[in-house]
Protein chains: 6
Amino acid sequence: MSSVFLEDLDADTYAAYLRQSTSTVIIPTGATEQHGPHMPIGVDAMLSSDIAAAVAQQTGALVAPVFAYGYKSQPRSGGGDHRIGTTSLSAATLIGLVEDVASSFLAQGFKNVVVLNGHYENYQFVYEGLDKAVKQAHTAGNAGRAMLMSYWDFVDDQTLEAVFPDGFLGWDIEHGGVLETSLMLLLHPEKVDMDRVVDHPPAQLTSYDVFPEDPTRTPASGCLSSATGATAAKGQLLLDAVTRAVSDALISELHLPLPVASRKAN
Amino acid sequence: MSSVFLEDLDADTYAAYLRQSTSTVIIPTGATEQHGPHMPIGVDAMLSSDIAAAVAQQTGALVAPVFAYGYKSQPRSGGGDHRIGTTSLSAATLIGLVEDVASSFLAQGFKNVVVLNGHYENYQFVYEGLDKAVKQAHTAGNAGRAMLMSYWDFVDDQTLEAVFPDGFLGWDIEHGGVLETSLMLLLHPEKVDMDRVVDHPPAQLTSYDVFPEDPTRTPASGCLSSATGATAAKGQLLLDAVTRAVSDALISELHLPLPVASRKAN
Amino acid sequence: MSSVFLEDLDADTYAAYLRQSTSTVIIPTGATEQHGPHMPIGVDAMLSSDIAAAVAQQTGALVAPVFAYGYKSQPRSGGGDHRIGTTSLSAATLIGLVEDVASSFLAQGFKNVVVLNGHYENYQFVYEGLDKAVKQAHTAGNAGRAMLMSYWDFVDDQTLEAVFPDGFLGWDIEHGGVLETSLMLLLHPEKVDMDRVVDHPPAQLTSYDVFPEDPTRTPASGCLSSATGATAAKGQLLLDAVTRAVSDALISELHLPLPVASRKAN
Amino acid sequence: MSSVFLEDLDADTYAAYLRQSTSTVIIPTGATEQHGPHMPIGVDAMLSSDIAAAVAQQTGALVAPVFAYGYKSQPRSGGGDHRIGTTSLSAATLIGLVEDVASSFLAQGFKNVVVLNGHYENYQFVYEGLDKAVKQAHTAGNAGRAMLMSYWDFVDDQTLEAVFPDGFLGWDIEHGGVLETSLMLLLHPEKVDMDRVVDHPPAQLTSYDVFPEDPTRTPASGCLSSATGATAAKGQLLLDAVTRAVSDALISELHLPLPVASRKAN
Amino acid sequence: MSSVFLEDLDADTYAAYLRQSTSTVIIPTGATEQHGPHMPIGVDAMLSSDIAAAVAQQTGALVAPVFAYGYKSQPRSGGGDHRIGTTSLSAATLIGLVEDVASSFLAQGFKNVVVLNGHYENYQFVYEGLDKAVKQAHTAGNAGRAMLMSYWDFVDDQTLEAVFPDGFLGWDIEHGGVLETSLMLLLHPEKVDMDRVVDHPPAQLTSYDVFPEDPTRTPASGCLSSATGATAAKGQLLLDAVTRAVSDALISELHLPLPVASRKAN
Amino acid sequence: MSSVFLEDLDADTYAAYLRQSTSTVIIPTGATEQHGPHMPIGVDAMLSSDIAAAVAQQTGALVAPVFAYGYKSQPRSGGGDHRIGTTSLSAATLIGLVEDVASSFLAQGFKNVVVLNGHYENYQFVYEGLDKAVKQAHTAGNAGRAMLMSYWDFVDDQTLEAVFPDGFLGWDIEHGGVLETSLMLLLHPEKVDMDRVVDHPPAQLTSYDVFPEDPTRTPASGCLSSATGATAAKGQLLLDAVTRAVSDALISELHLPLPVASRKAN
């Protein structure tokens, strides 16, 4: 098979893959969301897709077309849905999207459907969609399984210390910050302009949300912390750590065969 | 006014309250969810309701009837929806419930609608419901506002250290553990049986979810950590800290008058 | 078992109850609706909950957390949804609420789910929710049953004559009138202020509804008939008649064992 | 204008009608529901449509295409949805149907939308649809109004006595009974076969509903009372009484001009 | 059986029909849509209903009550939803309507459900409704089938040439044109006024749609081509061709017995 | 601006673009659908995305992330939803997706939202989504517009003759045939394997659909006509014709400035 992306496969090759007892598809979920003046709007979709491809190479899985739109950006994790550059889905649509696509994959015969999430706000809605799809499949006599994860939950402490030598302040402020920017510098350097990084202190997040959103609480840059300090080398540390840990989780949880490394990610 | 609970008020008293320029209603949201062999199924609803009442006394707000059913219990925060004793709502229903009730309060003239959440899994769905209700109200020319918070996000570090002298291991495993049990020992001691607390190590949570749920990952007790060590005194520390911090947030964010303390919580 | 309210039970006790061949849960459904100047807003929820508890004591059933919000108040039965003090659900949300909760109870193993309704406007929407839940359960191979009733439909003629010695004018105008006030005087006397009862003739109801609602058709009191004449003694007659008749219906229809009387209602 | 049925009008005539300051459309709502061995399945749609036409002739209104499918037949009013011959809508579909059609009429410029209901089970769902349509229209700056009624609620006591000389036993058992059969004998005699009327005592209805439906509770005929005694003369009494009372209500409530009688009902 | 319309049958006759191994119901779907100054608003419903009746006579099928309201009229096929005289359904409602009614027929035991469409815009939404209904029926163990067609897709080339001697310009502009007007002249001549036909060149349709609709693109008549040239004789050619071809398709596809011709269409 | 794809832009550049009086975003819509053994599953998404980019370069528009999943493949246009390799959305989800994304773009300030469709089955559902989004935007005082088109509707007769020298048989059978394959040979030659093209006669399509789908009606290849005869040169003819015609339509309809050609499509 020449690609891990199922959109690149012809139907016969795809059908042959599906006949394997460990057929697994990974759906990357991202967002169309502003990530400050130094990074493109598509960061979440790009990163979840890239990491899914890296994991697919390690595990023999296929990668489905990315969900390029995500749930509304929230001020305490993504700067807020009022920011120009952010184009979002309602809860009902995102739940339906996950339910339909996961159901369709399970009905075709996939043994495992994995959602690899790259936009914090999506998680609970993807959870509902997968829960409905798997229950529905089981009612129809289909024994397929699903997994759901956000990639940053697989960064280990040692990597965190290396990436944030001055101390890690929490995932919530990592919107447009060192984590995402380092990964982008590694994977899409031509789409990052470090000269435009705004150096500001981390956003002071409240312990609650307000409606309507209060635009003054999001730093002018749209980022919740500064990307100063991001490097491609840190991106490599992060990518390696995440790819390894996610792949291990899939192999163990889904009883996949040992890693293969012969397929092309692009 | 003789009660902070609006269900206890007659319509005239309620209407008089609404005419205030700072009229605020707090909706407590909980769940009907197993909390182990030592605590009642209604813990989340009881605690969010009690804390809402305490905050209402400090801030002059009213408390709406609690949402006694919540979103599906998830294995990594509530033991899972497969456990006997857990009766849950789908995402669509919970979103609709919040949207309808918040819209109805805003249409009647409330300046502020606050949701005080006591069940982790609810948060994102309540967010969607409030977002829709407030946008809809604004389209109709109504300038009302809303706030959303989970009460544990207001426990400060000093209180955490006092309550967890051996170190705090994270909110995710605090299902049926020291936090909730201490608060229940303070507020509903007759509903707690410390003799039935199972002493087991904290649950080892995965970094991902699986569908269908794997019952073997939740400790047999249904709790994610042991309540051994819970005391009413710790409950008092927690209640005081949360009540004070939430009240301060409401007063500051919603421009409420200074605290009043003359009303009855029950 | 120390309580008929399932929210007060621990999960082990609840699970033991569920293993009975006649496990039955009663869901009381009410509303948050103005009931005039002399009674609290929560009347419908309080009464359906109290009656459910009385029936549960007679039948060995459990009582689920009350549905404290109901369908929109209608002018010809509840004074109308435009009245301050009334906070309502849309049809879709109420149907979803019933469907989710009843489905969840049936999936846990309850043999019978009973909805005891205390707000006229709810009936048809609860009917749809139960119909969907039971059909869904049967498709999944679950043989559970459901019952639906409004409590006033169990008041017999003899009781009616005793409570309305001057003649009964129909259930439609019994909003905030003698029936509900008498029951409240018996069950929650501290929440009723008979001095504030407005004595006015019964509302002249049209044979049709208009949209938008016409506020001038509802008496200024918000009640559709006067509560003058309500007494706790009448409340006792009503409660006894309803409890007995509803219990008999459950025992006969659901083949429950003969009445037990040993459990605590509060 | 040559017809009261708008489906028979050309668009220019329709547009001219709409420019009147009292433009009113009546939507008849019925069902596709078994009505025993002596009457056709379409009774509810036929009668609501005929009565709407009679009222339209008196009031200058137009009649919209009938809603030929209704909400699920319920055992206590229509014999039940399990009976062969009954084809029904879910709540969501019926609500959507009313909302869409009423909204469309209001947006075109109708001042008044009236729903004349002929199937008991429809009422609450039509109520929700009209409530949503009118609120939506008002948000868009449209001042249209709506009315909702079931035709039997306009039968006066004197007519009742004439039609039921042995005493009237209530509307609930009038499914396939004297009321509907008399009207059909008057309006569609060729579709009634009095020889096939089954003479049985009125159904003994419970005070509650059960799920799944219990087919043994509905008389074998599918009717809840016997049509023996139905005559076209009684049908005339009923039609006259209802037409007059409904027309009066429309004229008074909607400020329509005095009756006109020059248009064709068929 | 005295009628092909099921609304005219009594429940016993209907039940007897259903016991046949080839029981088939045809649902005609139309619209309430302006068709110019020379034809009534109900054209699409009338024609689909008439053709369904003709097919039913040939095939032994029954005809269900017509869907008199359809999906929004689109400018490139029906003149647009902004035209006075057009009263439409949203996608969700139409899908629900088809799903509910088809599901109900399949659950009662019909072997085949056929939708005969007479309004172009309906097709895809009816497709979704039938797809959902049949999948749902199969999940419940019911082997029923469904068919979907628009009647004009059965007009053969020879008939087209006879009806459009100057050349056929495409179905899209046949709104209110020669096809529909000829059929109406045959089937409902009293509802057509050829004196009011506006003779204008065919509408120049764009290759795309715009939102909001641009009223200037639809000819003032509301028709997309002129009905000049329509005759009842052409209507007969069209009706015969369509009835024969649709009947053949049903007989062949659904394995129906050979044509019967003894039943009454009206 | 360095790219026509908005996902590649940083938020500041995007915001600057939005301030233009002719800001226009093109959403390409495709599908994940088998296209035979010689072409990848992602053909529809790839082609709509490529054509959108070409049009964007000519018109100064931006291209939004492609909708990579589409409505259920239908046997008469895409081979059917039962084919392995086809992963589809329900109507409700696709409508919601379009409504949410278009609403979000209009709310951010885009003057024009264009959907360029590349999967036949999507059209009507995208129509509903755009109709709802634009109406909603107008209610909120936003004067934005939308356009909807399928790219093949812009192929002119001269191009058709050049591409199909033996005669064009209709768009319906162009699934996996000469049109799509020629465009892919031009744009993604490395993803096409002409050696695997199956040479078979065009599919004989029925004039109707059946449910459940009948797999025997779709050619074994999954294509509705043979791609034999496809060449990159024909792809260039098609791409040029479509790009020019679509660009002209946008410029004329949306009053865009004259073509610019300075931006990068990839």
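Across every non-hydrogen atom of D:S73 and C:Y127, the tightest pair is O-OH, 4.3 Å. For D:P212 against C:R145, the heavy-atom pair with the smallest separation is CD-CG, 4.4 Å. The two atoms that bring D:M147 and C:F211 nearest to each other are N-CD1, 4.4 Å, heavy atoms only.
Side-chain N/O atoms of D:E253 and C:Y208 include a donor and acceptor closer than 3.5 Å.
When the candidates D:L130, D:L254, D:T206 are compared by the number of heavy-atom contacts under 4.5 Å with chain C, D:L130 comes out ahead. With chain C as the partner, the residue from D:D81, D:I95, D:D153, D:V114 showing the most heavy-atom pairs under 4.5 Å is D:D153.
A distance of 7.5 Å separates CG in C:L148 from CZ in D:R76, rounded to the nearest 0.5 Å.
Heavy atoms closer than 4.5 Å to chain D are found in the side chain of C:Y71, but not in its backbone. Using a 4.5 Å cut-off between heavy atoms, C:S90 touches chain D through backbone and side chain atoms alike.
The aromatic rings of D:F125 and C:F125 lie perpendicular to each other, with more than 60° between the two planes, well past the 30° mark.
Between C:Q124 and the options D:K72, D:Q74, D:E121, D:Q124, a side-chain hydrogen bond (donor to acceptor under 3.5 Å, both in side chains) holds for only D:Q74.
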